[in-house]
Amino acid sequence: MLLGAIADDMTGATDLALMLSKSGMTTVQVIGAGSVSAAPPEAEAVVVAMKSRTNPPDEAVAMSLQALAALRDRGVEQVLFKYCSTFDSTDQGNIGPVADALLDALDAPIAIACPAFPDAARTIFQGHLFVGDRLLSESGMRDHPLTPMTDPDLVRVLGRQSMNSVGLVDLATVRAGADAIRDRLNELAGMGVRLAIVDAVANVDLRAIGEACRDAVLITGGSGVAMGLPENFRRTGRISAVGVVVPPDVRGPGAILSGSCSQATNGQVARYRAAGFPAFQLDPVALADGPAHLSGCLDWLAGLDGSAPCLIHATAAPGQVATAQQRLGRNRAGEIVEQAMARLATALVEQGVRRLVVAGGETSGAVVDALGVKALRIGPEIAPGVPWTETSGDGSRLALALKSGNFGGPDFFTEAFAALP
Ligand code: ADP
């Protein structure tokens with residue numbers, strides 16, 4: 001195993017696995033540290049998908065160290081800690097605490113922290129993260145239900161989370177090339193800095209950063225930073241394949257579960273509803289009031305004729321989310337919705353659904369857990385960062401598309417089903 005990745009959420013893991021497989025690495029996504037052994041021996045890259053982004057920091061650290069141990073058992077050479085390109089976290093963590101723990105466990109002098117993903121309009125300049133032409137703090141991420149991002153200065157954000165001091169490799173250095181980046185990282189390490197935010201505004205920057213990290217035992221960042229890593233292995237003749245993408249060979253009815261409240265998902269839900277497809281909105285407050293709301297949804301499902309993929313969503317506008325959170329508390333509102341989504345996923349599969357789109361990283365984690373999925377084979381890309389995948393594990397074989405909240409165009413849901421044979 002050349003590259004082992006520890007991803008803090010399900011959709012981020014899929015996004016990364018897609019990036020690596022498109023770059024020609026034989027890549028498998030496994031669910032949780034316990035499933036690393038399920039990865040076939042030919043896997044050159046293994047992405048361990050966890051659901052640790054919003055757990056208490058000590059839990060996230062323990063889960064990440066378990067994943068690291070499982071990857072080391074398989075002889076991993078380079079470790080990538082993958083988080084969201086919008087740096088989703090709170091002042092308690094979990095990016096800083098997990099990065100600190102992995103640095104120590106791997107005895108790494110320094111690691112980069114680079115969530116930039118220019119193809120998805122996430123760029124970093126002078127340590128500040130932009131979403132499109134807005135600072136992170138002025139993007140939809142300021143209203144995220146679990147990890148609202150209100151400070152765009154990543155050196156400052158990571159500094160609040162990490163026990164280590166945090167430095168910056170600026171764009172001028174990145175543009176000077178891989179050697180200059182390496183020199184700057186060595187200089188920072190010499191000053192006792194162990195985490196370095198790295199500027200990147202274009203793919204050429206990510207490739208230079210990837211080359212600079214040729215010998216790094218630990219890299220941290222978004223899926224974008226993985227763009228430049230396979231080339232290091234190709235250059236030394238250790239991978240040769242060009243990714244062959246095979247769509248999931250799974251027939252059967254489709255459905256959509258959406259628990260993301262991002263701007264992009266709100267738009268996708270509105271578009272799908274407006275097109276007249278069957279849709280049901282879950283209300284967290286009604287879910288908390290007793291079993292009637294969820295039973296109502298299950299009855300509604302049972303009455304559908306299955307001719308078109310139905311949509312069940314808790315996706316709501318920021319005002320509605322705020323109301324639910326005031327009534328229930330932020331974490332409880334999220335948990336209640338995730339539990340309902342997990343139950344609904346099981347019910348859908350029992351009713352014969354075999355093609356499932358899930359919107360939202362935490363939501364996808366809850367659904368994949370409930371369905372007992374162990375590993376995912378990466379299939380064709382629906383939208384940047386979102387592939388169809390095919391499950392393996394104890395349950396029925398499924399085609400799953402796990403969409404990070406912010407990803408996909410307005411017609412993502414219809415495009416997803418149209419992309420299957
Ligand atoms: P994203 O990929 O957009 O971050 P996630 O699924 O990771 O989406 O996170 C969205 C969180 O918001 C989940 O925990 C979900 O249960 C919660 N949630 C969904 N709908 C609502 C709602 N109407 N009110 C409050 N919280 C909600």
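Side chains are part of it too, since the values below use all heavy atoms of this structure and drop only hydrogens, waters and symmetry mates. We count ligands from 1, going down the list as the structure has it; atoms in each ligand are counted the same way. All values reported here derive from a predicted model rather than from experimental measurement.
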Please list the nearest protein heavy atom to [atom] with its residue and the distance rounded to 0.1 Å.
atom                    : answer
atom 7 (O) of ligand 1  : Glu362 N, 2.7 Å
atom 8 (O) of ligand 1  : Gly360 CA, 3.4 Å
atom 24 (N) of ligand 1 : Pro284 CG, 3.5 Å

message: Taking ring pair (Phe, Tyr, Trp, His ring centres under 6.0 Å) as the definition, give me every residue that meets it alongside Phe412, ordered by chain and number, with sequence neighbours left out.
response: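 None.
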Run the numbers for me: atoms of ligand 1, each under 4.0 Å from some heavy atom of [X], listed by number.
X      : answer
Val337 : 16 (O), 19 (C)
Cys261 : 19 (C), 20 (N), 21 (C)
Val321 : 24 (N), 25 (C)
His144 : 1 (P), 4 (O)
Gly405 : 1 (P), 2 (O), 3 (O)

Is there a polar contact between ligand 1 and [X], counting only N or O atoms under 3.5 Å apart?
X      : result
Ser260 : yes
Leu146 : no
Thr363 : yes

task: Look at Glu77 together with Arg72 and state whether they make a salt bridge at an N to O cut-off of under 4.0 Å.
output: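 Arg72 and Glu77: not salt-bridged.
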Which option wins on minimum heavy-atom distance to [atom]: [options]?
atom                    : options                        : answer
atom 17 (C) of ligand 1 : Ser364, Pro318, Ala359, Gly334 : Gly334
atom 23 (N) of ligand 1 : Gly259, Cys84, Gly361, Ala314  : Ala314
atom 13 (C) of ligand 1 : Arg330, Gln339, Glu338         : Glu338

- prompt: Ser162 and Asp100: side-chain donor and acceptor closer than 3.5 Å?
  reply: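 Yes, because at least one side-chain N or O of Ser162 sits under 3.5 Å from a partner of the opposite role on Asp100.
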field: Test item: side-chain donor near acceptor, Thr27 and Ser21, under 3.5 Å
entry: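 Not at all, the side chains of Thr27 and Ser21 share no donor-acceptor pair under 3.5 Å.
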- prompt: If you look only at pairs with a residue in residues 249-295, which of them pass as a ring-ring contact (aromatic ring centres under 6.0 Å, His included), with sequence neighbours excluded?
  reply: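 Non-adjacent pairs meeting ring-ring contact (aromatic ring centres under 6.0 Å, His included): Tyr272-Phe277, Tyr272-Phe413, Phe280-His293, Phe280-Trp300.
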field: Pro145, portion touching ligand 1 at heavy-atom distance under 4.0 Å
entry: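 Answer for Pro145: side chain.
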query: Taking atom OG1 of Thr147 and atom CZ of Arg330, what is their separation to the nearest 0.5 Å?
result: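 One finds 8.0 Å between OG1 of Thr147 and CZ of Arg330.
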